[in-house]
Amino acid sequence: MLCPKLHVTFVDETVLGAHGGERDEWYYEDGLQDYLAGATQEFDVIPAIPFVGSFKSDREAVDWAVQWLPEGGDLITEAYVNLIPTVQGGTHVNGLRSGLLDAMREFCEFRNLLPRGIKLAPDDIWDRCAYVLSSKMQDPQFSGQTKERLTSREASAFVAGVAKDAFSLWLNQHTEEAEKLAELCINSAQTRLRKSKQVARKKVTSGPALPGKLADCSGSEIERGELF
């Protein structure tokens, strides 16, 4: 799926079959888009056809396919650098998230969709996001011996800029689906804000914290407490 229109055939000769072995074949006409759409076909998704993008410069290139699962489901979150899987993400994934967030913020602000006191955070657009990201670059830097995470700083800015421009254009060309997605993000932000207020209220009503030297003296057993 990282190489559109490429046929891949695997023959397991340890399992006998009509043609001498058990065969599996993979072929994705539209690459990342076909792969992601196939993986999310059992779930409700926004948009119906994955949002895809592709850009290439002299030193870097990036391709992606993105969908959101408003009702939940198995999220596909795969990222690659020069066809190497980066299972822990890295700067290219951070760039994609940042670009999508910036574009969504601008879309909501331009259309006055945000309620008073609500500001979108990265998790609001990323929480139910399924994506496949393929980045290519010269001399990538990784952390870990098996290259689980990309650390090249330039990848973040490159992917973020490209993704923001492409997503901003998509949002304004697909306003119906864009507003559904904006509603999903705003609901996430409101839920996050309510939870943070609940936590803050619990902290206020829990009483003052004891100094460090007396922290070990605290307890909840009434019979062992004293009233002065």
Side-chain angles (χ1 to χ4, degrees), residues 1-12 15 17 21-54 62-81 83-90 92-101 103-104 107-108 113 120-135 148-149 159 162-163 166-192 195:
M1 54 90 174
L2 296 176
C3 303
K5 299 179 175 60
L6 176 66
H7 281 274
V8 177
T9 302
F10 172 76
V11 180
D12 186 354
V15 180
E22 189 174 278
R23 302 169 64 90
D24 281 315
E25 294 188 4
W26 295 271
Y27 174 75
Y28 297 98
E29 178 71 24
D30 292 321
L32 303 186
Q33 177 177 312
D34 281 358
Y35 176 72
L36 183 61
T40 61
Q41 61 183 348
E42 297 181 1
F43 308 106
D44 292 331
V45 293
I46 303 174
I49 299 175
F51 161 60
V52 297
S54 180
V62 63
D63 298 89
W64 68 79
V66 179
Q67 279 182 314
W68 285 263
L69 280 59
E71 303 299 327
D74 297 330
L75 292 178
I76 299 296
T77 55
E78 298 182 13
Y80 303 83
V81 176
L83 306 185
I84 300 170
T86 48
V87 295
Q88 295 183 6
H92 55 328
V93 176
N94 295 342
L96 177 63
R97 179 178 58 206
S98 178
L100 296 177
L101 175 63
M104 178 55 71
F107 178 80
C108 291
L113 299 177
L120 298 183
D123 285 346
D124 298 328
I125 199 167
W126 203 242
D127 186 42
R128 300 185 184 180
C129 180
Y131 66 88
V132 184
L133 174 66
S134 176
S135 182
E148 302 103 337
R149 183 178 182 86
V159 177
V162 172
F167 195 40
S168 293
L169 182 62
W170 184 92
L171 290 171
N172 288 286
Q173 290 179 338
H174 303 79
T175 54
E176 183 176 350
E177 289 182 304
E179 289 182 357
K180 290 180 181 179
L181 182 56
E183 182 180 0
L184 177 67
C185 296
I186 292 171
N187 288 340
S188 174
Q190 291 173 325
T191 300
R192 173 175 50 80
K195 289 182 178 179

Taking all non-hydrogen atoms of both residues into account, name the closest pair between Ser188 and Asp123 and its distance.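 Between these two residues, the closest heavy atoms are OG-O, 4.3 Å.
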Residues that [X] engages under salt bridge (Lys or Arg N to Asp or Glu O under 4.0 Å), provided they are two or more places apart:
| X | value |
| --- | --- |
| Glu25 | Arg23 |
| Asp124 | Arg192 |
| Glu148 | none |

Restricting to side chain to side chain donor-acceptor pair (under 3.5 Å), what partner residues turn up for [X], sequence neighbours left out?
| X | answer |
| --- | --- |
| Thr77 | none |
| Arg128 | none |
| Thr175 | none |
| Thr86 | His92 |

Pairs where residues 167-180 contributes a residue and the test salt bridge (charged side-chain N to carboxylate O under 4.0 Å, His left out) is met, not counting sequence neighbours: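 The answer is Arg111-Glu179.
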Among residues at least two apart in sequence or on other chains, which ones pass ring-ring contact (aromatic ring centres under 6.0 Å, His included) with Phe51?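 ring-ring contact (aromatic ring centres under 6.0 Å, His included) check on Phe51 returns Trp64, Phe167, Trp170.
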Would you give me the side-chain donor-acceptor pairs under 3.5 Å for residues 67-76, sequence neighbours excluded?
unit_1: Gln67; atom_1: OE1; unit_2: Thr40; atom_2: OG1; d: 2.6
unit_1: Gln67; atom_1: NE2; unit_2: Pro47; atom_2: O; d: 2.9
unit_1: Gln67; atom_1: NE2; unit_2: Ala48; atom_2: O; d: 3.2
unit_1: Trp68; atom_1: NE1; unit_2: Ile125; atom_2: O; d: 2.7

Considering residues at least two apart in sequence or located in another chain, which fulfil the side-chain contact (heavy atoms from CB on, under 4.5 Å) criterion with Pro122?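 Listed in chain order: Arg97, Leu101.
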If the condition is side-chain contact (heavy atoms from CB on, under 4.5 Å), which residues does Ala37 pass it with, not counting sequence neighbours?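 If we apply the side-chain contact (heavy atoms from CB on, under 4.5 Å) test to Ala37, skipping adjacent residues, the hits are Pro50.
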